[in-house]
Amino acid sequence: MLKKQIIMFGAPGAGKGTQAKILAGKLNVPHISTGDILRNAVAQKTELGLKAKEIMEKGELVPDEIMVGIVKNVLFSDSCKEGYILDGFPRTLNQAKLLDEIIEQLNNGYPVIIKLLVDDEVIIQRLSMRRVCKVCGTIVNLNQIENPNKCPNCGAENSFVKRDDDKEEVIRRRLRVYHETTQPVLEYYKNKTEIIVVDGAQPVDNVTENILKKLDHSAG
Ligand code: AMP
C-alpha cells in the first residue's frame with residue numbers, strides 16, 4: 001500500500017499545491033495547505049486573517065506558534081486518520097521539530113517527503129502566469145491552457161484571479177525566504193525519513209506519474 005503520510009516540499013511555485021491536490025484525490029486523504037488556510041482566514045477577515053494579511057503580502061513567514069497551532073488542530077481531526085498531504089508546512093526548522101512532537105502523539109507513522117525541484121528563473125516565470133479559479137480553486141498557468149478566459153476544470157468564464165503575493169518583487173522575496181529558511185529544513189529530514197526527489201519542471205501529468213512511481217517503489 002502506498003504511504004499516505006506525505007509532506008510536499010519545494011519552493012513557492014514548484015507545483016506543491018497542484019500535485020498535493022491530485023495526490024489527495026488518488027490516495028483519498030486530505031490536502032492540508034497552510035497557505036490556503038491562511039488565505040481563507042484573510043478573505044473572511046478572522047482574527048488569524050487580520051494577523052496574517054500583511055505578513056503574506058510581504059512574502060514573509062507567519063509566526064511558528066500560530067502555524068503549529070493550525071496544523072495540530074487539523075492533523076488531530078478525524079479527517080486525517082488515514083493520512084494527510086501537508087503542503088507548505090513545515091517551513092522552518094522550529095516548525096519541523098514541533099511537527100515531530102505532533103507526529104509522535106499521532107502515532108500513525110512518519111511522513112515521507114516529496115521534494116519538487118525547479119529552478120528559480122522557471123519559478124518566477126511560472127508564478128507571474130499563475131492564476132487560481134475563484135469558483136473551483138483550480139490552479140492554472142495561463143500559458144498552458146487552451147482558453148485563458150475559461151477554467152478547464154469547472155468551465156467558469158473570467159474566473160481567474162492572481163494571488164496578491166504573485167507579484168515579481170514579492171515572488172523574489174518568497175524565494176529568498178525559501179532558500180534561507182525553508183530549504184535547510186530538508187537537511188533535518190535527511191536522517192529521519194525518505195526524501196523522494198522529483199523534477200518539478202516537467203508537465204503536471206509527468207510529475208504526478210513520477211511521484212506515484214517513486215512512492216510505489218518506496219512502499220515496496
Ligand atoms: P503558500 O500558499 O504555501 O505559498 O503560502 C503563502 C504564504 O502563507 C507564505 O508566503 C507565508 O506568508 C504564509 N505561510 C504559509 N505556510 C506557512 C508556514 N508553514 N509558515 C509560515 N508562513 C506560512
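Atom set for the values below is all heavy atoms of this structure, side chains included, hydrogens, waters and symmetry mates excluded. In this text, all values refer to a predicted model and were calculated from it rather than measured experimentally. As the structure lists them, so they are numbered: ligands from 1, and atoms in each ligand from 1.
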>> Please classify the Glu60 to ligand 1 contact at 4.0 Å (heavy-atom distances, strictly less than): side chain, backbone, both or neither.
In response: backbone
> Is any NZ, NE, NH1 or NH2 atom of the basic residue among Asp100 and Lys97 found under 4.0 Å from an Asp or Glu carboxylate oxygen of the other?
Replying inline: no
> Any idea which atoms of ligand 1 are less than 4.0 Å away from a heavy-atom of Met67?
Replying inline: 16 (N), 17 (C), 18 (C), 20 (N), 21 (C)
> Which residue supplies the protein heavy atom nearest to atom 22 (N) of ligand 1, what is that atom called, and how far is it?
Replying inline: Val62 N, 3.1 Å
> For ligand 1, which atoms have a heavy atom of Thr34 less than 4.0 angstrom away?
Replying inline: 15 (C), 16 (N), 17 (C), 19 (N)
>> Tell me whether the count of non-hydrogen atoms from other residues, nucleotides or ligands lying under 6.0 Å of NZ in Lys26 goes above 12.
In response: no
>> Please check if the number of heavy atoms outside Gln183 that lie under 6.0 Å from its CD is greater than 12.
In response: yes
> Would Lys58 count as a contact of ligand 1 if the rule is a heavy atom under 4.0 Å away?
Replying inline: no
> Starting from atom 14 (N) of ligand 1, which protein heavy atom do you reach first, and at what distance in Å?
Replying inline: Leu38 CD1, 3.4 Å
> Under a 4.0 Å heavy-atom limit, does Met56 contact ligand 1 with its side chain, its backbone, both, or neither?
Replying inline: both
>> For Asp165, is there an ion pair with Lys58 - N to carboxylate O distance below 4.0 angstrom?
In response: no
>> Give me the nearest non-hydrogen protein atom to atom 20 (N) of ligand 1 as residue plus atom name, then the distance to 0.1 Å.
In response: Gln95 NE2, 2.9 Å
>> Would you say CG of Asn147 has more than 12 non-hydrogen atoms from neighbouring residues, nucleotides or ligands within 6.0 angstrom?
In response: yes
>> Students should be able to answer this: which protein heavy-atom is nearest to atom 15 (C) of ligand 1, and at what distance?
In response: Arg91 NH1, 3.2 Å
> Heavy-atom count around Lys72 NZ within 6.0 Å, excluding the residue itself: above 12?
Replying inline: no
> Applying a 4.0 Å heavy-atom criterion (strictly less than), which segment of Lys53 is in contact with ligand 1: side chain, backbone, both, or neither?
Replying inline: neither
> Under 4.0 Å from ligand 1, counting heavy atoms only, is it the side chain of Leu61, its backbone, both or neither?
Replying inline: both
>> What protein heavy atom lies closest to atom 19 (N) of ligand 1? Include the residue and the distance to one decimal.
In response: Gly88 O, 2.9 Å
>> Take a 6.0 Å sphere around CD of Glu60 and say whether it holds more than 12 heavy atoms from other residues, nucleotides or ligands.
In response: yes
> In terms of atom number and element, which parts of ligand 1 are under 4.0 angstrom from non-hydrogen atoms of Arg163?
Replying inline: 1 (P), 2 (O), 4 (O), 6 (C)
>> At less than 4.0 angstrom from any non-hydrogen atom of Arg174, what atoms of ligand 1 do you find?
In response: 4 (O)
> Are any of the side-chain nitrogens in Lys213 or Asp216 under 4.0 Å away from the carboxylate oxygens of its partner?
Replying inline: no
> Are Met56 and Leu175 grouped together when hydrophobic residues (ILVMFWY) are joined by side-chain heavy atoms under 4.5 angstrom apart?
Replying inline: no
